[in-house]
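These notes concern the structure reproduced below.
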Amino acid sequence: MQLEKIYEPGRFEPHWAQWWIETGMFHAVPKPGKYFSLVIPPPNVTGSLHMGHMLDHALIDMAVRWHRMSGDNTLWVPGTDHAGIATQMVVERELAKEGITRQQLGREEFVKRCWKWKEIYQKRIDDQMKRLGSSCDWERERFTFDPGLSRAVREAFVRLYEKGLIYRGEYMVNWCPRCNTAISDLETVHTTTQGHLWYIRYPYAGGTIVVATTRPETMLGDTAVAIHPEDARYASLHGRTVTLPLMDREIPVILDQLVDPKFGTGIVKVTPAHDANDFEMGKRHKLPFIKVIDESAAMTPAAGRFSGLDRFEARKQVVAELRQLGLIEKIEPYTLSLAVCDRCKTPVEPLVSTQWFVKMKPLAKPAIDAVDDGRIQFIPANWTTTYHHWMDNIRDWCVSRQLWWGHRIPAWYCDDCHQLTVSREDPTHCSHCQSGSIRQETDVLDTWFSSGLWPFSTLGWPDDTEDLRAFYPTTLLVTGFDILFFWVARMIFLGLEMTGEVPFRQVHLHGLVRDPEGQKMSKTKGNVIDPLTVNEQYGTDAVRLSLVQGAASGMDISFTPDRMDASRAFANKIWNAARFIFMKMEAAGVEPRIPSSPALACLEDRWIHNRLQNAIATMNSSLEQHRYHEAADAIYHFIWDDFCDWYIELKKLRMRDGSGYDDNWRDLLFVFEHALRLLHPIMPFITEELWQRLRNADSPLSIALTNYPSADLSRLDPSADSSMATLQAIITAARTLRAELVPGNVSALPATLYTHGASSQVVTAAREAIERLGNVKLTLEQGSTPHLGGAVRSTPEFDLVLHLPAADTNALRTRLEKEIEQLHKAATNSERQLSNDEFVRKAPEQIVTNIRAKLADYKAQLAKSRATLEALGQ
RNA sequence: GGGCCUGUAGCUCAGUUGGUUAGAGCGCUACCUUGACACGGUAGAGGUCACAGAUUCGAGUUCUGUCAGGCCCACCA
């Protein structure tokens, strides 16, 4: 039973991690009654887990373990996401190393490669999760692309299509020329870039006009110029045409409200095929759409002699030619916000193309209502505003991607009648003309379409399964705020549409894990921290505690080694408390057993019991309210300060080797075992390891299956708190005097303790404790007049006089002066408050009374200290 | 252009309904290797709570404004 001096988490954590899984104790069985269910934000199979995942999983696992121990039928569904475009990119990158492209490989072979990749990384992710002690139900592991979930995707798509909420059409989309696919608005990021504003002359019969543009190359596709209808400067242009330079095309001058007369020259070139605004204008004014840039960002034949050039090369040449022709009026530097592909940072090309869209307005309404009426609650609540803002202004969702890795859209084109067949099952013929000549759409769905179904597709939807009935809607979602729109919002509207219910009742959005300098961790910056490395270095428990403590208010957390050191020290502290307990048990001949109730025989027992009940109450309410750092703080200080620094120190004085099992053991073990259970959701490994050494024969298999403590406030003993406070104050007074006046002196010094009123009894009973912990040899006196020959510390309850071996008068005087100064300051403060009539009249009586009492104390102590100082001077 | 967040000890951060002398961890100073633990113990030093107003008997906490930093959304060529 001997424990090592230093806790080595690496020796125990892998064992318990594996054992928890082998026993299958986290498998949830559907049954009626109170449940707690949660689905994992499925990590992408693109790679292994990073610190962000670890934070997420630490928070989830804490909630899950707490609910499980609290008696809820608890399910945590694990799984991974196929992550369409992201995975396709990494697999393509792998292929590039072999010198092949996916086109060379062909679609079928490429998808096989993706699956192979998925197998490797899913296993890696699973192993990492298991090593972190995540208490999920591995029997229910899911993948967004597995057969069951793919069926859910089809069902959802077909339902939306049948309801008219999915349409196909030619629209302006964000096109990434590198990924060679359309992407949604969310998948673009806007970066401020230094560019130019080119002022170009367009000649017309009456002279020239000047337009300003940031993208001169798109002029090749201009089909109009636009002015504001009320712009008096250009009234003469109404109804005229201008000549498009380089192309020698006559294009009309149109009037449109969208033009801002104050920007540039007030005249804007209109390129309906390559700008979202111009696209709208083009439709309004029935302009021709001339596509001059293609899907690979090269100029099309419609660009005439510029055909085949890359768009940026074309820009240079267009500008050069215009300059030669004297058509450039001026060039200004200009800061613009450039849309680039979120994945590869290539500038997005707005292109008109045929894509599939989800109609958002009808879906957004119920999703907004669900949050407004509180069926879904955001934590922290201020995310509600952000969610609202986005949902209120939502645009249709482009869900088709020109990729290979993903759910292929279940639509078939008929070569004969050119109609569409959208179907749950693969059709053999066209549903319109019965022709057998049909081809399936080659596009796949946006990866977020399948993850949007995750909370119910993982539970068996669209079938009416036992799991759905027992665990849906899920209780809580824990995820980073960065995927609020991508994922959370989509789950909400898809959940409501598909199941008629919210997918979850609460959403806890946490921050990002940053490096010690507060920088976002990224592979390119090279500042990513591998969870495995830190877990080996500090222990998973310690890292979990650090993350939980840091995840206070949903803000980002800086991952600093200092914090980890402190957490590791805490694990070591617990370990050594256990080491002491086990050593003493052995010496006393006590067998491990968990008592069912405390004995409460001594003052420190009654006191620690109070503290324990407080800690229990705080833990439960903090966890309930998602105030995780508060919970972590409560158990940390209970164990370290109350239990180790005071309780064990006091108990040491009562423990006699060979004494056998007595009341001291009963309380010590009772409290310690409770502390382990309280801590278990945050630090599962060390608590399991130590609890197993204590467990009774009839205990549950694992601490994870025990009941979470609930506060029993009926047995609180307030008198124990005040007695203990007095005791602590006396001991602290002795230590303070010693430290300030005789530093380095290790011998027990004589001291006289004068007690007044109730404290006398406490002191008599705790005499040994005071002497041992305060390192003094006590003489006890009663009464209010202290002996004035030594270092004095006065409080309303007692006066402690420390008799110094060779009294250093100067030191004593300094000490007294300091005390007088502090008391004087406090007294003045109180007096000032009490002299304020309005305060006395309006403040709660309790507060005023307290201040009056304190003032009286300060004055009495001041008088004593001053008298002592005077006596010293003589 | 809109929206959100942050500014408290040298550093990283707590501080729920306004209320008695503003806390923690790390770091720092002094002392202690005491039979659980030096990843420890004890005692300390250190803060005009970014700034300016307002409300109030009372503001780190509420309101307004300013400054500084961060993030998100947005069709201004």
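As the structure is a computational prediction, the values presented were derived from the model and not from experiment. Convention: sequence-line order gives letters A, B, ...; per-chain numbering from 1.
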Quiz prompt | Interatomic distance at P, C26(B) relative to A68(B), whole Å | solution = 36 Å
Have a look at T271(A) and say if it touches a base, only the backbone sugar-phosphate, or nothing, with a 4.0 Å heavy-atom cut-off.
-> nothing
Side-chain atoms of S558(A) come closest, of G44(B), A36(B), C13(B), to C13(B)
Margin query: Using a 4.0 Å heavy-atom cut-off, does D278(A) contact any base of the nucleic acid, only the sugar-phosphate backbone, or nothing at all?
Written below: nothing
In RNA chain B, stems of three or more consecutive pairs, Watson-Crick or G-U, each with both distances under 3.5 Å, turn out to be B:1-7 with B:67-73, B:10-13 with B:23-26, B:28-32 with B:40-44, B:50-54 with B:62-66
With the side chain defined as heavy atoms from C-beta on, N576(A) is closest, among C37(B), C75(B), U42(B), to C37(B)
(message) Taking the P atom in each of G44(B) and G23(B), what is the distance between them to the nearest angstrom?
(response) 14 Å
Does E649(A) reach a base, just sugar-phosphate, or nothing at all? Heavy atoms under 4.0 Å.
base
| query | Do V371(A) and H388(A) have side chains that get closer than 4.5 Å, going by heavy atoms? | reply | no
Between protein and nucleic acid, restricted to nucleotides 71-73 of chain B and to nitrogen or oxygen atoms under 3.5 Å apart, what atom pairs and distances do you find?
none

Distances for protein N or O near nucleotides 24-27 of chain B N or O, under 3.5 Å:
residue, atom, partner, partner atom, Å
C26(B), O2', D562(A), OD1, 3.4
C26(B), O2', D562(A), OD2, 2.8

From the candidates C37(B), C39(B), U16(B), the one with an atom nearest any side-chain atom of R627(A) is U16(B)
Considering only heavy side-chain atoms of N382(A), the closest of A77(B), C5(B), C75(B) is C5(B)
Residues of residues 5-13 of chain A with a heavy atom under 4.0 Å from any atom of RNA chain B, listed by number, are K5(A), I6(A)
Dump every N/O contact between nucleotides 56-59 of chain B and the protein below 3.5 Å, one line per pair.
residue, atom, partner, partner atom, Å
C57(B), OP1, K842(A), NZ, 2.3
C57(B), O2', N836(A), ND2, 2.8

Q) If you look at every strand shown and take non-hydrogen atoms under 4.0 Å, does T214(A) touch a base, only sugar-phosphate, or nothing? A) sugar-phosphate
Those residues at least two apart in sequence (or on a different chain) that pass side chain to side chain contact (heavy atoms under 4.5 Å, CB included) with R395(A) are D185(A)
